[in-house]
Each structure stands twice: as C-alpha cells, then as structure tokens.
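Any value given below was found using the heavy atoms of this structure, including those in side chains, with hydrogens, waters and symmetry copies removed. Labels below follow one simple rule: chain letters A, B, ... track the order of the sequence lines, proteins then strands, and each chain is numbered from 1.
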Protein chains: 2
Amino acid sequence: MADLIYRKVLHDLKDRIQNDQFKNQRLPDERSLSEHYGVSRSSIKRALSVLANQGIIFKKRGSGTFINPLYRKNDSIFHYEGSNLGITDSFKSDNQTPSIKLLNFSVVPATEELQQELFLEPGDFVYDIKRLRLFDDQPFMIEQGYIPIKIAPELSAKIVSESIFNYLEEQQGKVVTKSFMSIQAAPSTDEDQKLLNLKPIEPVGLMEGIFFLDDGTPFEVSNMRLHYKYLQYNTFVSLDEE
Amino acid sequence: MADLIYRKVLHDLKDRIQNDQFKNQRLPDERSLSEHYGVSRSSIKRALSVLANQGIIFKKRGSGTFINPLYRKNDSIFHYEGSNLGITDSFKSDNQTPSIKLLNFSVVPATEELQQELFLEPGDFVYDIKRLRLFDDQPFMIEQGYIPIKIAPELSAKIVSESIFNYLEEQQGKVVTKSFMSIQAAPSTDEDQKLLNLKPIEPVGLMEGIFFLDDGTPFEVSNMRLHYKYLQYNTFVSLDEE
DNA sequence: GAGTGGTCTAGACCACACA
DNA sequence: GTGTGGTCTAGACCACTCC
C-alpha cells in the first residue's frame with residue numbers, strides 16, 4: 001500500500017510543503033517533478049490532484065502549482081478534516097492524550113431506520129454504543145453509535161473502550177474508508193452540559209454519519225455531539241468534476 | 001468544457017444510473033465501457049472515479065463496479081451540500097423565496113491577513129460587503145465578505161444585493177468553482193440574536209471560507225453566521241486517496 | 001484460469017499565462 | 001514563443017475475486 005509510487009510522491013511533497021521547502025509558495029512544474037522523482041508525469045499529476053483535493057495546493061493552468069496560503073493557518077487545537085474519517089486520528093496529536101469513557105454497551109433490535117441505513121433485515125440486532133471522548137480529562141464529545149452484530153460479532157466492552165476502527169483494521173482486516181456526514185449546530189441539552197462541562201448558552205456541534213467499509217458495506221451509524229470549541233470541520237469543495 | 005470526453009461519459013453514466021438502466025445495481029466492466037463509448041479506459045476510469053467520489057458508485061477490485069444503494073435525495077429543508085458552492089443555489093427551492101438585505105457596502109484597504117488570503121499587495125483595496133439573507137422574510141444568515149476591487153471593479157450596491165456569483169458568471173464569464181471552508185458552532189452574539197431572531201441560548205453555525213475562480217485566483221473571503229436551524233452541511237468523505 | 005479494477009508509463013496534443 | 005497544467009490514448013503489468 002505504502003509502496004505505491006504516487007503515494008510516495010504524495011507523502012514526500014506533503015512533507016516538503018509542511019517543512020516550507022518551496023520558495024514563493026510555489027511547487028516545481030510537473031515535468032521537473034517527473035524527472036526529479038524518476039516517475040511518469042501521470043503519477044506526479046495523481047499525487048498533485050490528491051493534494052489539490054485536500055485543499056493543500058491549487059493549480060493554475062499556464063502559471064504553475066501553488067501552496068494554499070490558508071493551509072496551516074487553521075491551527076485550532078482539534079479539528080476534523082474533510083479528509084479524515086476516524087476520530088482517534090483526527091486530533092492534533094501534540095502532547096494531549098485522548099481517552100474514552102464507556103457510557104453504554106448493549107445489543108438492541110435494529111429500528112426500521114437503522115435497517116435501511118445499514119442494509120439489515122427485520123430481526124437483525126445492532127450494538128448500541130455510547131461513549132464519552134476526552135482529551136487529557138477534558139470531555140469533548142458524546143458519541144452514540146450503532147453497529148450490526150453480524151458485521152462485528154466479537155465486539156466487547158473492552159474493544160469499544162478503545163478505537164473500534166483500529167481494532168477492525170488490525171484484527172479483522174476490515175478498513176473503514178468512506179462516510180456520509182451531516183454537520184449541524186444545536187443548543188446543548190442538560191445531558192450535554194453535564195457530560196461536556198458546558199454552560200447553558202454554550203452549544204454543541206452535531207455530526208451524524210454513516211461509515212462504510214472498503215467494499216461499500218455500511219458499517220456504523222453514528223451520532224456525535226461535540227463541545228462547540230472542539231468542532232472544526234475543514235473541507236475543500238471543488239466543482240471541477242461535477 | 002462540456003465537450004470533454006470524460007464529462008460526456010460521466011453525465012451519460014449518471015443519467016443511466018438515475019434512470020435505473022443497469023441491472024443488479026452493477027455497471028459494465030471498464031473495458032466494455034471503453035469499447036462502448038469508443039474512448040480509452042483511462043477516460044472511463046476518470047469518469048467512474050468522479051462518480052465514486054460523489055458516493056454514487058463504489059468499486060470492488062476483482063468484482064466490478066456497483067451503484068451505491070444509499071444514493072438518494074436528502075430532504076431537509078435547507079442544506080449546504082459538500083458539492084454545492086453558492087448559497088443561492090443551496091436551498092431546496094420549494095415555495096419559499098430567498099432575498100437579501102444589504103447591511104454594508106464599502107471599500108477598505110486590505111488587512112495583512114486579507115492580503116495573504118487573496119493574493120493582494122499592500123495598498124490594495126477590497127469591498128467590505130455585509131448582507132443579511134432571508135427566506136420569506138425569515139432571516140437565516142449574516143454574511144460578511146471581502147472581494148478585491150481589482151477582480152470585480154464594477155460591483156455596485158445593486159449587484160451585491162443579488163447573487164454575486166451569478167453576476168460574475170453571467171456578466172463577466174468568471175466562474176467560482178472551488179472553496180476552502182471551515183465549519184464551526186458558537187454561541188450567538190447580541191447582534192446575531194437581533195438580526196437572526198435568536199434566543200440567547202440558541203447558537204449560530206459559522207462557515208468561513210475562501211472562494212476561488214476557475215483559474216485558482218482567490219476571489220472572496222467570507223464569514224457566514226447561520227441561524228443554527230439552517231445549517232446542515234452534508235458531505236461524502238473517502239479515504240481512498242489519502 | 002478468467003475477469004475485473006488498480007497502477008504506471010511514454011508520449012501526443014491542447015489551452016492558457018506571461019513576457 | 002516558451003512554459004505550464006489539462007486531456008487523452010494505447011498498452012503493460014499487478015492484485016484481487018470468483019468459479
């Protein structure tokens with residue numbers, strides 16, 4: 001996986017951008033990069049297009065490829081990138097330690113809505129998992145999720161107290177690579193205020209989503225309520241390929 | 001633009017998917033499609049990858065290409081799609097009429113921050129445009145934007161009281177095709193409460209972004225404060241090419 | 001083994017920016 | 001005109017799934 005050519009180029013370029021190794025916020029032209037890395041121009045283009053989709057660079061036909069001046073400017077403590085999926089990996093890792101407090105772990109019949117969202121049959125069961133996520137003892141997110149037992153029949157309280165995605169990937173070879181997400185804001189409820197240490201006037205950010213495995217199987221329906229200071233969703237939108 | 005090969009294939013495939021012309025939620029294999037359309041397999045792959053990025057199809061190596069059964073309309077009243085850019089076009093049009101109340105329209109020197117974000121020189125000026133957006137007399141968004149005068153020297157109070165993007169596209173042939181957006185939630189300020197008819201405990205959604213023209217030129221820096229009920233940002237995230 | 005998507009190459013030609 | 005990114009082709013070989 002990591003030995004793909006375009007990925008190696010991608011990572012190297014990303015490093016060099018982050019280390020500020022390009023003058024004038026500008027990258028070398030594609031043909032030079034092709035020669036420099038000893039790969040075809042197509043592979044360079046592929047790496048560059050990933051960076052462009054992530055909003056890290058943008059390309060001007062006829063002029064060159066430039067670093068987005070907004071990149072790295074958004075340095076809030078936490079953020080959820082449009083190009084990240086798992087929560088555990090979404091933190092600015094810095095010096096703080098993420099942890100999880102398990103609030104509920106049970107098995108319930110799938111509602112009709114869940115049946116539709118997770119491709120289940122009537123009578124199928126799901127795990128009902130409610131977790132509080134903290135960062136150095138500061139709670140920032142209440143996360144309620146539903147996962148079909150037939151997809152992950154061996155889940156345990158211990159596992160869900162850690163990273164479910166990491167468990168799946170490392171132990172089961174199942175990789176979560178896609179999600180539909182919906183983001184909203186809302187006043188905090190009493191429970192939000194209690195669990196997240198919020199004042200009544202302080203709101204929460206809502207992120208609802210369905211996560212999919214590699215092969216397109218819907219894997220989890222999740223409802224997340226975030227302390228408002230800890231929601232920053234960055235996304236780069238392009239209509240180029242509509 | 002519309003005569004690009006991969007776009008023609010893309011639109012044709014999208015139509016055929018929406019008209020349910022593929023059996024078993026499955027598309028023909030890439031080599032057959034290549035032959036069918038009389039184009040190279042690379043062009044087919046490009047069209048398919050756009051559809052995959054939009055969450056419409058997913059590909060299973062070794063098996064084939066399948067239609068995402070979850071592909072369907074999201075039917076909340078307002079929403080801002082990860083694949084929409086302009087505000088005016090982001091409403092479910094229904095029976096309600098969007099309107100704009102101009103709160104401020106002036107020209108000011110670009111701050112250092114704006115100079116960097118909009119690629120300006122010291123001494124350059126920007127329009128400072130503050131607008132209140134309504135939907136059938138119900139205000140839902142305060143929008144504050146900065147646009148370099150040298151990009152749109154002919155802006156007028158009349159124009160900015162309507163859709164700036166539409167004006168640019170129809171009158172100037174400049175198309176906004178990219179944006180870098182950051183979404184957050186925050187308690188409402190006194191001004192928010194007054195302009196958006198919010199109670200003190202009701203929050204706002206923040207959307208900050210830079211909009212880019214077709215050619216990569218940064219065109220507008222915008223700060224939007226939305227009535228919390230009117231922010232729903234939907235997005236499809238894929239890690240395939242991280 | 002046959003079929004399918006994934007990666008990569010080498011090169012042609014086009015469209016646009018800038019001097 | 002030169003340089004840059006954009007599109008497209010034809011074909012090779014790899015990796016995975018399913019029979």
Side-chain angles (χ1 to χ4, degrees), chain A residues 1-11 13 22 24-53 57-67 173-175 177 213-217 238-242, chain B residues 1-11 13 22 24-53 57-67 119 151 173-175 177-178 212-217 238-242:
Chain A
M1 182 69 102
D3 53 350
L4 297 184
I5 287 180
Y6 83 89
R7 276 182 184 260
K8 282 197 294 195
V9 173
L10 171 60
H11 290 135
L13 286 173
F22 295 112
N24 300 325
Q25 303 287 293
R26 181 189 184 145
L27 268 61
D29 71 277
E30 297 181 347
R31 289 164 180 86
S32 306
L33 287 171
S34 165
E35 195 175 352
H36 174 269
Y37 285 104
V39 305
S40 75
R41 187 172 160 225
S42 308
S43 296
I44 296 294
K45 289 186 86 66
R46 181 155 189 189
L48 290 179
S49 88
V50 174
L51 291 172
N53 284 333
I57 60 171
F58 62 89
K59 301 181 256 188
K60 288 184 74 163
R61 176 186 293 192
S63 303
T65 302
F66 303 87
I67 298 170
K174 293 172 178 164
V175 191
T177 53
L213 297 179
D214 224 3
D215 62 2
T217 311
S238 172
L239 291 191
D240 282 348
E241 299 201 326
E242 206 186 22
Chain B
M1 182 67 104
D3 53 350
L4 297 183
I5 287 180
Y6 83 89
R7 273 180 186 261
K8 283 197 292 195
V9 173
L10 170 60
H11 289 136
L13 285 174
F22 295 113
N24 300 324
Q25 303 286 294
R26 182 190 182 145
L27 269 59
D29 72 277
E30 297 181 347
R31 288 164 180 85
S32 305
L33 287 171
S34 166
E35 195 175 352
H36 174 269
Y37 286 104
V39 305
S40 74
R41 187 172 160 223
S42 308
S43 297
I44 296 294
K45 288 186 86 66
R46 181 155 187 190
L48 290 178
S49 87
V50 174
L51 290 172
N53 284 334
I57 60 171
F58 60 89
K59 301 181 257 188
K60 283 187 76 167
R61 175 185 293 192
S63 302
T65 302
F66 303 86
I67 298 169
F119 283 18
I151 289 188
K174 293 171 177 165
V175 191
T177 53
K178 295 186 179 68
F212 299 86
L213 297 180
D214 223 3
D215 62 3
T217 311
S238 172
L239 287 193
D240 284 347
E241 296 204 327
E242 204 191 21

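Between the side chain of B/Arg46 and the base of D/dG6, no donor-acceptor pair under 3.5 Å is found. A donor and an acceptor atom sit less than 3.5 Å apart, one in the side chain of B/Arg31 and one in the base of C/dG5. Checked by distance alone, A/Arg61 brings no side-chain donor or acceptor within 3.5 Å of a matching partner on the base of D/dG3.
In this structure, A/Lys60 does not reach the D/dT4 phosphate: none of its side-chain N or O atoms is under 4.0 Å from OP1 or OP2.
At whole-Å resolution of the value, CD in A/Glu30 and P in C/dC8 are 16 Å apart. Rounded to whole Å, atom C1' of D/dG5 lies 15 Å from atom CG of A/Leu51. Following rounding to the nearest Å, A/Tyr37 (OH) and C/dT9 (P) show an atom-to-atom distance of 14 Å. Regarding A/Tyr6, its OH atom lies at a distance of 13 Å from the P atom of C/dT9, rounded to whole Å.
Residues A/Gly62 and A/Val39 each lie close to DNA chain C; by heavy-atom proximity, the contact nearer the 5' end of the strand is made by A/Val39. Place A/Ile5 and A/Ser63 on DNA chain C by their nearest nucleotides, and A/Ile5 ends up nearer the 5' end.
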Could you walk me through whether B/Leu27 and B/Phe66 pass the side chain to side chain contact (heavy atoms under 4.5 Å, CB included) test, one step at a time?
CA-CA 6 Å; B/Leu27 269 59; B/Phe66 303 86; over 6 Å; no
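Closest to the side chain of B/Arg41, from the set C/dG5, D/dC8, D/dG5, is C/dG5. Of the candidates C/dG6, C/dT9, D/dG5, C/dG6 carries the atom nearest the B/Lys59 side chain, counting heavy atoms from C-beta on. For B/Ser42, the listed nucleotide lying nearest its side chain is D/dT9; candidates were D/dG5, D/dA12, D/dT9.
The shortest side-chain heavy-atom distance between B/Tyr6 and B/Ser42 does not fall under the 4.5 Å cut-off. Contact check for B/Lys59 versus B/Ser49: side-chain heavy atoms found under the 4.5 Å cut-off. Side-chain atoms of A/Leu10 and A/Leu48, non-hydrogen and from C-beta on, never get closer than 4.5 Å to each other.
If you check C/dT7 for Watson-Crick or wobble pairing at under 3.5 angstrom, you find it paired to D/dA12.
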